[in-house]
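Each remark here refers to the structure printed beneath this line.
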Amino acid sequence: MATLETTALVIGAGTGGYPCAIRLGQLGVPTILVEKAKPGGVCLNVGCIPSKALISASKTLVKGRHAADMGITFGEPSVDMGKMQAWKRGIIKKLTTGVAGLVKANGATYREGTARFVGRDGARTKVEITGADGTKDLVIAEHVVIATGSLPIEIPGFAPDGRYVVDSTGALDLDRIPESFAVIGGGYIGLELGQTFQRLGSKLTVIEGLDRILTAVDADMAKLVARQIEKDGGTILTGARAEGWREKDGKAAVSVRVGNEVKEVLADVVLVAVGRRPITEGLDLAAVGLSTDAKGFIPVDAQKRTKVPGIYAVGDVVGQPMLAHKASHEGEVVAEVIAGKKAVDDARVIPAVVFTEPEIASAGLGEDEAKAQGLDVRVGKFPFAASGRAMAIGETNGFVKVVLDAKDDRVLGIHIAGPEASDLISEAALAIEMGAFAEDIALTVHPHPTLGEAVMEAAKHAIGEAIHVQNRRR
Ligand code: NAI
């Protein structure tokens, strides 16, 4: 067993860990980044990137059909799922190879292996790293960053079996289009992947335990997604609990309890997407005096320090929201803290995007959430149906909603359902981060004709100054 000494050791090369290691390298801090699987973590390998690849491929199919409205007709398209998956794998390969290269180019050392805490050596921490071949090394580090991420939650009776029941990783790797596709959980993953297979031709059934899908976003926005799923021939069961399944005529027959009734949903593939849980097993946190909270997360402060000096944690393992960009931001903050800079995670807003149809993007407080908190809010809305650009691209479904504090018109939240919502939301995040008032967005000249004008118009609408939609009297 070799013993290595370093200033910083980062455990996990996902979107929390690898930006942390890159930034540490840039700041001249000797750093080892250890990863047991492939660089890039869930996001690059089995999450954000492969899902967005399949989502955009499946949308191309729909766009081709809609082109007939614009006077362009193609023949009936065919889908080669094997080729689509190979294309997706090519993107992953480029990105993951890029990550390893960036880590190295910035002066950090990348190592394959599984890390486990062994104990403390004064103020330093001892971590054992086991390589794929079983060889073990001891790393003694002044600073250790835990960035081990999360895993899909399993529900009893629905363990992935490689054929009928899959988790998100399995669904992203399907090499065939199931005739029928059921998802348990109407959240981010269930709906993004459910609508993807629906566009590719699967008959979709969504089984959601609560009384509506997408509870993380305002009800008026979630409704647009529900309507689209139903318009495309899908079924949404709410207040529904999947109790078990059995094989029936080459399909999975899922028993679903809705109120007092038990229904049977037949599906070729069942995706379980009921949330994710933090990964700490195997780390032996107790060896260094660390423990998790009741939900399994590692408690940290605003500098992402755990209660043990010199040990930090970032990303999904420290709590919600479990989003890649939140993890990266935290990883970069920790790198600065370790390098002795006065850094702290004081982000006012973590934007979130659900890549459904329509896309839903949010930054800041939702209207429902603000009202539930008893806040006095003023709301402005602008529908994409009134946007010249949205008409020109043939995508008018959705709207922008701006939520203001009624006392001073400060922007509390901006929510977008519609075309390119994922790209439009960054302006909203900047506005909230800068403490903008509605007027700041209204007086910022937005280029014409663009979808971004809808954000400006919604801000103007909130203060009674919209040009292309009727204002409410103030
Ligand atoms: P989720 O928390 O978004 O949704 C899970 C849904 O399952 C909830 O609506 C919940 O009420 C429902 N549910 C829970 N137990 C159930 C049961 N037994 N039967 C029926 N319904 C049940 O979780 P999801 O979709 O698994 O995604 C996990 C996380 O991954 C997200 O919360 C998000 O943080 C992240 N993610 C982010 C994406 C993005 O940024 N675009 C995309 C995909 C995932």
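Numbering of ligands and ligand atoms starts at 1, following listing order. All heavy atoms count here, side chains included; hydrogens, waters and symmetry mates do not. Values in this document were obtained by computation on a predicted structure and should not be read as measured data.
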Charged N to carboxylate O below 4.0 Å: is that the case for [X] and [Y]?
| X | Y | result |
| --- | --- | --- |
| Arg246 | Glu264 | yes |
| Arg23 | Glu332 | no |
| Asp268 | Arg176 | no |
| Asp173 | Lys88 | yes |
| Glu261 | Arg257 | no |

With heavy atoms and a 4.0 Å threshold, my read on which part of Ile184 contacts ligand 1 is side chain

Going by the 4.0 angstrom heavy-atom rule, the piece of Ser168 near ligand 1 is neither

In terms of atom number and element, which parts of ligand 1 are under 4.0 angstrom from non-hydrogen atoms of [X]?
| X | result |
| --- | --- |
| Ile207 | 20 (C), 21 (N) |
| Arg241 | 16 (C), 17 (C), 18 (N) |
| Leu323 | 34 (O), 37 (C), 40 (O) |

Just to check, does Pro321 reach to within less than 4.0 Å of ligand 1 when the distance is taken from its heavy atoms? no

Contact between ligand 1 and Ala240 is defined here as a heavy atom of the residue under 4.0 Å from a ligand atom; is it met? yes

Counting non-hydrogen protein atoms only, what is the nearest one to [atom]? Give residue, atom name and distance.
| atom | result |
| --- | --- |
| atom 32 (O) of ligand 1 | Tyr188 CD1, 4.0 Å |
| atom 2 (O) of ligand 1 | Gly275 CA, 4.2 Å |
| atom 7 (O) of ligand 1 | Gly185 CA, 3.2 Å |
| atom 30 (O) of ligand 1 | Arg276 CD, 3.4 Å |
| atom 4 (O) of ligand 1 | Gly187 CA, 3.2 Å |
| atom 8 (C) of ligand 1 | Glu208 OE1, 3.5 Å |
| atom 13 (N) of ligand 1 | Val274 CG1, 3.9 Å |
| atom 21 (N) of ligand 1 | Gly209 N, 3.0 Å |

Here the pair of heavy atoms bringing Val269 nearest to Arg163 is CG2-O, 4.2 Å

Shortest non-hydrogen pair, Asn397 vs Gln228, comes out as ND2-OE1, 3.8 Å

Can you see whether Phe399 has Lys381 sitting over its ring - NZ or CZ less than 6.0 Å from the centre and within 45° of the normal? yes

Say whether [X], considering both its backbone and side-chain N or O atoms, lies within less than 3.5 Å of an N or O atom on ligand 1.
| X | answer |
| --- | --- |
| Ile155 | no |
| Gln320 | no |
| Leu210 | no |

Of Arg277, Met322, Arg212, the residue with the heavy atom nearest atom 35 (C) of ligand 1 is Met322

Min over Asp211, Ile189, Val353, Val354 of heavy-atom distance to atom 41 (N) of ligand 1 lands on Val353

With side chains defined as the heavy atoms from C-beta onward, is the minimum distance between [X] and [Y] less than 4.5 Å?
| X | Y | value |
| --- | --- | --- |
| Glu357 | Arg199 | yes |
| Tyr312 | Val318 | no |
| Asp167 | Val272 | no |

Evaluate the criterion side-chain hydrogen bond (donor to acceptor under 3.5 Å, both in side chains) for residue pair Ser422 and Glu359; output intermediate values, then yes/no.
CA-CA 7 Å; Ser422 50; Glu359 284 186 358; 2.7 Å; yes

